[in-house]
Amino acid sequence: MEIEEKKKIVEEVLQYPTGNISDAMDNLGIRRGAIAGVHALDPKQKKAAGFALTIRQTLRRWKFFGKNLARQGGIIDTETNPYDMLIIDMAGIQDVCTGGALLALRAKLRGVSGELTNGCLRDADEIAELGFPVYCAGTFPVKSARDIETIGVNVPVMLGGVQIIPGDLILMDRTGAVAIPVDQIDEVLKEAERINAREAKMEELIRQGMSIVDARKVK
């Protein structure tokens, strides 16, 4: 997918809240893409969307021998592109971080939209100051070099009960994070547009005094 096409899709999905996307997937009979167990690193961070670039990490098989096997820095340096969303599957490991402010800065300068991980990050204040949107499982100060290795890049990963494959469209707002399957983006966005328009009409009617029960009857 070309950069201009990615830009257009990202701008479109940013018009909708994650709730609209979740409802659209329900209406279409698509397995829900809402990712559990993660939260915004900064409650005031901006809404973000991008296409999944995935990294799978686990505990090192061998003891530390002076070589960093986590490799997320090098992956950010060489693999990321504008409108990517960095997805890091830490397999539930939460006593080591998978990144901090310097990696976030480099990702932002590469045009990455944000980061989603079921692991932890450090330098939370600094990342917030960068304005780099992140959803994560928590924070922890210990670096990854001695404990973690990367075992897959651009492979399917599981976060919060949701399978994410490279190229899936990720949307993050203050409510949560949701993944749209890459082969169903168009139909989900079309249904989200319909839902959003209906809810706008319902809001107008409720403000005029209509009950929520009657407003819900609006087509």
Side-chain angles (χ1 to χ4, degrees), residues 1-54 82-87 89 111-118 131-137 156-219:
M1 190 181 299
E2 298 297 326
I3 293 295
E4 284 304 312
E5 185 178 359
K6 287 185 175 182
K7 180 176 183 288
K8 181 180 178 181
I9 293 171
V10 165
E11 289 176 347
E12 181 177 357
V13 75
L14 285 172
Q15 297 177 50
Y16 310 119
T18 50
N20 282 171
I21 299 299
S22 178
D23 290 352
M25 294 176 76
D26 273 349
N27 290 355
L28 294 168
I30 299 171
R31 184 175 176 86
R32 286 177 180 159
I35 297 156
V38 294
H39 64 270
L41 185 66
D42 174 14
K44 297 180 180 179
Q45 69 188 22
K46 67 179 182 179
K47 196 175 189 178
F51 294 87
L53 185 154
T54 65
Y83 304 108
D84 282 345
M85 181 69 73
L86 187 63
I87 311 295
D89 179 4
V112 175
S113 298
E115 179 176 343
L116 171 64
T117 177
N118 56 8
F132 185 68
V134 171
Y135 253 81
C136 60
V157 295
M158 286 290 295
L159 274 77
V162 177
Q163 184 186 67
I164 300 174
I165 68 170
D168 283 355
L169 181 60
I170 311 298
L171 176 65
M172 308 189 308
D173 62 15
R174 292 178 65 179
T175 297
V178 63
I180 304 172
V182 61
D183 57 348
Q184 294 172 304
I185 292 172
D186 289 345
E187 58 187 304
V188 170
L189 291 183
K190 184 176 180 180
E191 179 64 10
E193 180 182 22
R194 187 193 68 78
I195 292 169
N196 189 261
R198 178 174 178 266
E199 289 187 351
K201 187 174 182 180
M202 288 172 62
E203 179 183 351
E204 181 181 353
L205 293 172
I206 291 168
R207 289 185 181 278
Q208 293 172 2
M210 183 179 286
S211 71
I212 183 68
V213 172
D214 288 336
R216 281 178 174 157
K217 297 175 183 178
V218 174
K219 298 297 184 181

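All heavy atoms count here, side chains included; hydrogens, waters and symmetry mates do not.
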Smallest separation among heavy atoms of Val38 and Ala137, with atom names: CG1-N, 4.3 Å
Shortest non-hydrogen contact between Pro82 and Ile3, atoms and distance: O-CD1, 3.9 Å
4.5 Å side-chain heavy-atom contact, Arg216 and Met202: yes
Minimum-distance pair of heavy atoms, taken over all atoms of Pro17 and Asn196: CD-ND2, 3.9 Å
Least distance between heavy atoms, Ala48 atom then Ser113 atom: CB-O, 3.7 Å
Flag side-chain contact, heavy atom, 4.5 Å: Val182 against Phe51: no
Polar side-chain atom of Thr175 near backbone of Thr18 as donor-acceptor pair, under 3.5 Å: no
From Leu189 atom CG to Gln184 atom CD, the distance as rounded to the nearest 0.5 Å: 11.5 Å
Within 6.0 angstrom of Glu2 CD, more than 12 heavy atoms from elsewhere: no
Expected output: side-chain Asp23 to main-chain Asp26 donor-acceptor under 3.5 Å: no
pair Leu171-Lys47: side-chain heavy atoms closer than 4.5 Å: yes
Nearest heavy atoms of Ala192 and Ile21, plus distance in Å: CB-CD1, 3.8 Å
No-hydrogen, no-angle side-chain donor-acceptor test under 3.5 Å, Asn20 and Glu199: yes
Short N-O contact, Asp84 and Lys6, less than 4.0 angstrom: yes
Donor-acceptor under 3.5 Å (Asp168 side chain, Ile165 main chain): yes
Val178 side chain near Arg32 side chain, heavy-atom distance below 4.5 Å: no
Separation of Ile30 CD1 from Ser22 OG (nearest 0.5 Å): 11.0 Å
Within 6.0 Å of CG in Asp186, more than 12 heavy atoms from elsewhere: no
Value rounded to 0.5 Å, distance of OG1 in Thr117 from CG in Leu41: 11.0 Å
Passing candidate, side-chain contact (heavy atoms from CB on, under 4.5 Å) with Asp89, options Leu116, Val157, Thr54: Val157
Note, Ile87 side chain near Leu53 side chain (heavy atom, < 4.5 Å): no
Side-chain heavy-atom pair Phe132, Gln45 within 4.5 angstrom cut-off: no
Interatomic spacing from CZ in Arg174 to NE2 in His39 - rounded to 0.5 Å: 13.5 Å
Derivation and outcome, side-chain contact (heavy atoms from CB on, under 4.5 Å), residues Ile180 and Val13: CA-CA 10 Å; Ile180 304 172; Val13 75; 4.2 Å; yes
Value rounded to 0.5 Å, distance of CE in Met172 from CG in Leu14: 10.5 Å
Closest approach of Val10 to Gly50 (non-hydrogen atoms, all atoms of both residues): CG2-CA, 4.2 Å
Positive for salt bridge (Lys or Arg N to Asp or Glu O under 4.0 Å) with Lys7, one of Glu11, Glu4, Glu5: Glu11
Chi angles and distances behind the side-chain contact (heavy atoms from CB on, under 4.5 Å) call for Glu191, Val188: CA-CA 5 Å; Glu191 179 64 10; Val188 170; 5.9 Å; no
Euclidean distance, Glu193 CD relative to Gln15 CD, rounded to 0.5 Å: 7.5 Å
